[in-house]
Protein chains: 2
Amino acid sequence: MSMYTASSLKSELNDRGWRMTPQRETILQIFQNLPKGEHLSAEDLYNHLQQMGEKISLSTIYRTLKLMARMGILRELELGEDHKHYEINQPYPYHHHHLICVKCNKTIEFKSDSVLKIGSKTSQKEGYHLLDCQLTIHAVCPACQRAISPL
Amino acid sequence: MSMYTASSLKSELNDRGWRMTPQRETILQIFQNLPKGEHLSAEDLYNHLQQMGEKISLSTIYRTLKLMARMGILRELELGEDHKHYEINQPYPYHHHHLICVKCNKTIEFKSDSVLKIGSKTSQKEGYHLLDCQLTIHAVCPACQRAISPL
DNA sequence: TATTTATTGAGAATACTTTTTAATAACTCC
DNA sequence: GGAGTTATTAAAAAGTATTCTCAATAAATA
Ligand SMILES: [Mn+2]
Ligand SMILES: [Mn+2]
Ligand SMILES: [Zn+2]
Ligand SMILES: [Zn+2]
């Protein structure tokens, strides 16, 4: 749960016998510069890259997202849509959680030190090495409460 | 976040112009009787039903799982596999959270009153109607920390 | 620089989930 | 209780996100 740079990522990859590539560096940069509150799907990232003139294949994007999520660099989020979203996994005090409307998927971010503490305490107690902890609140937003619901 | 019975489910469905069916009642019962710590995928549920001699189609299962999740009766869980898992959404003090190994998907359940409080406080503050809150901790279990990792 | 092999890109394949359709059956209102 | 309305079901087809395959490329290492 610390900050990554291109070179620290390279070190960690090389230590495990893996390789740093321009594709991985580019993807890391995009997430590092992503505005607060934005979350990218694989397809979003693909489009984002195309607009920048970068050509990275969808296969590579999927592979890289999964790799970085398992390394703890990215967080994999379920925001109620039919695909995963990703964002950079920031340490305290930028670490945050999500409140999601199950009907319209509107998402609000919020912080909580105590959740972070519970996460590290719990993983420590079980001997797990912590990568990320996310509190996801499923609820119905004010607008959807008023709407006559088709589901 | 309260306990459902077949008749309370029927009432809530009818209030919205929907219908109670034997399929929905059967599926509710299965989740109510599921052993602590067990989570079912759509396919798991389908097989479970077949063994009971019940014939409910996969489409109906998918529809019912989504319906009950949106109603707050079931929790939809991402346990690291390529499909969703479901369990009954129990109120305090049975409500719990999950610690997941990102490498082998081993899952441990744990309780936390304070997370529950944060969940209700946060949703209330934003005017959201709370359905469920889940703290998901992504980590590496002791066994996988020792293993030479292919990823 | 040469060697090794992890990684990439393109497309094919897979797997999960949703949609479509006609038939059925729950609910409502007499 | 019975008739009418329409939500729900089963089965199959379709859709879509994600993974896999494989030959070509290029990072790491010495
Ligand atoms: Mn976020
Ligand atoms: Mn559970
Ligand atoms: Zn909403
Ligand atoms: Zn593990």
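No hydrogens, no waters, no symmetry mates; every other heavy atom, side chains included, goes into these values.
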Parallel, tilted or perpendicular for B:H96 and B:H39, by the 30°/60° rule?
tilted
Hey, does A:R24 reach any base, or is it just sugar-phosphate, or nothing, if we go heavy atoms under 4.0 Å?
sugar-phosphate
Can you identify which nucleotide, out of C:dC16, D:dT9, D:dT21, has its nearest atom closest to the B:T60 side chain?
D:dT9
In whole angstrom, give the distance that lies between atom CD of A:E78 and atom P of C:dT17.
10 Å
Please determine whether a side-chain nitrogen or oxygen atom of A:K66 lies at a distance below 4.0 Å from atom OP1 or OP2 of D:dT19.
yes
Can you tell me how far P of D:dA17 sits from CG of A:L58, to the nearest Å?
10 Å
For D:dT9, does OP1 or OP2 lie under 4.0 Å from any side-chain N or O of B:K55?
no
Is A:I56 touching bases, backbone alone, or none of the nucleic acid, heavy atoms closer than 4.0 Å?
sugar-phosphate
Looking only at C:dC27, D:dT9, C:dT17, the nucleotide nearest the B:A42 side chain is C:dT17
Select base, sugar-phosphate, or nothing to describe what A:T21 touches, counting heavy atoms under 4.0 Å on all strands.
sugar-phosphate
Side-chain contact check for B:K84: nearest option of C:dC27, C:dT17, C:dA15 is C:dT17
Closest-nucleotide 5' rank along DNA chain D - winner of B:G17 and A:S41
B:G17
Whether the side chain of A:R19 and the base of C:dT5 hold a donor-acceptor pair under 3.5 Å is what I'd like checked.
yes
Below 30° counts as parallel, above 60° as perpendicular, anything between as tilted: where do the rings of B:F31 and B:Y86 land?
perpendicular
Quick one: the side chain of B:S57 and the base of D:dA11, do they pair up donor-acceptor inside 3.5 Å?
no
For A:E81 and C:dC16, give me the distance from atom CD to atom P, rounded to whole Å.
21 Å
Could you check how far CG of A:L65 sits from P of D:dT18, rounded to whole Å?
9 Å
Rounding to a whole Å, what distance do you find between A:Y46:OH and D:dA17:P?
14 Å
Is a donor on one side and an acceptor on the other found under 3.5 Å between the side chain of B:E54 and the backbone of B:I27?
no
Interatomic distance, CG@B:L135 vs OG1@A:T122, rounded to 0.5 Å, equals 7.0 Å
Separation of C:dT28 atom P from B:M20 atom CE, nearest Å, is 14 Å
Below the 4.0 Å mark, does C:dT18 have OP1 or OP2 next to a side-chain nitrogen or oxygen of B:Y62?
no
Describe, in one word, how the ring planes of B:H85 and B:H83 are oriented to each other, choosing from parallel (under 30°), tilted (30 to 60°) and perpendicular (over 60°).
tilted
Specify the separation, in whole Å, of atom CD1 of A:I61 and atom P of C:dT8.
11 Å
Phosphate OP1/OP2 of D:dA26: any A:Q23 side-chain N/O under 4.0 Å
no
How do B:P22 and B:H83 order along DNA chain C: which one's closest nucleotide is nearer the 5' end?
B:H83
May I ask you to decide if A:M20's main-chain N or O and A:E25's side chain share a donor-acceptor pair within less than 3.5 Å?
no
Rounded to the nearest angstrom, tell me the gap between atom CG in B:L9 and atom P in D:dA7.
17 Å
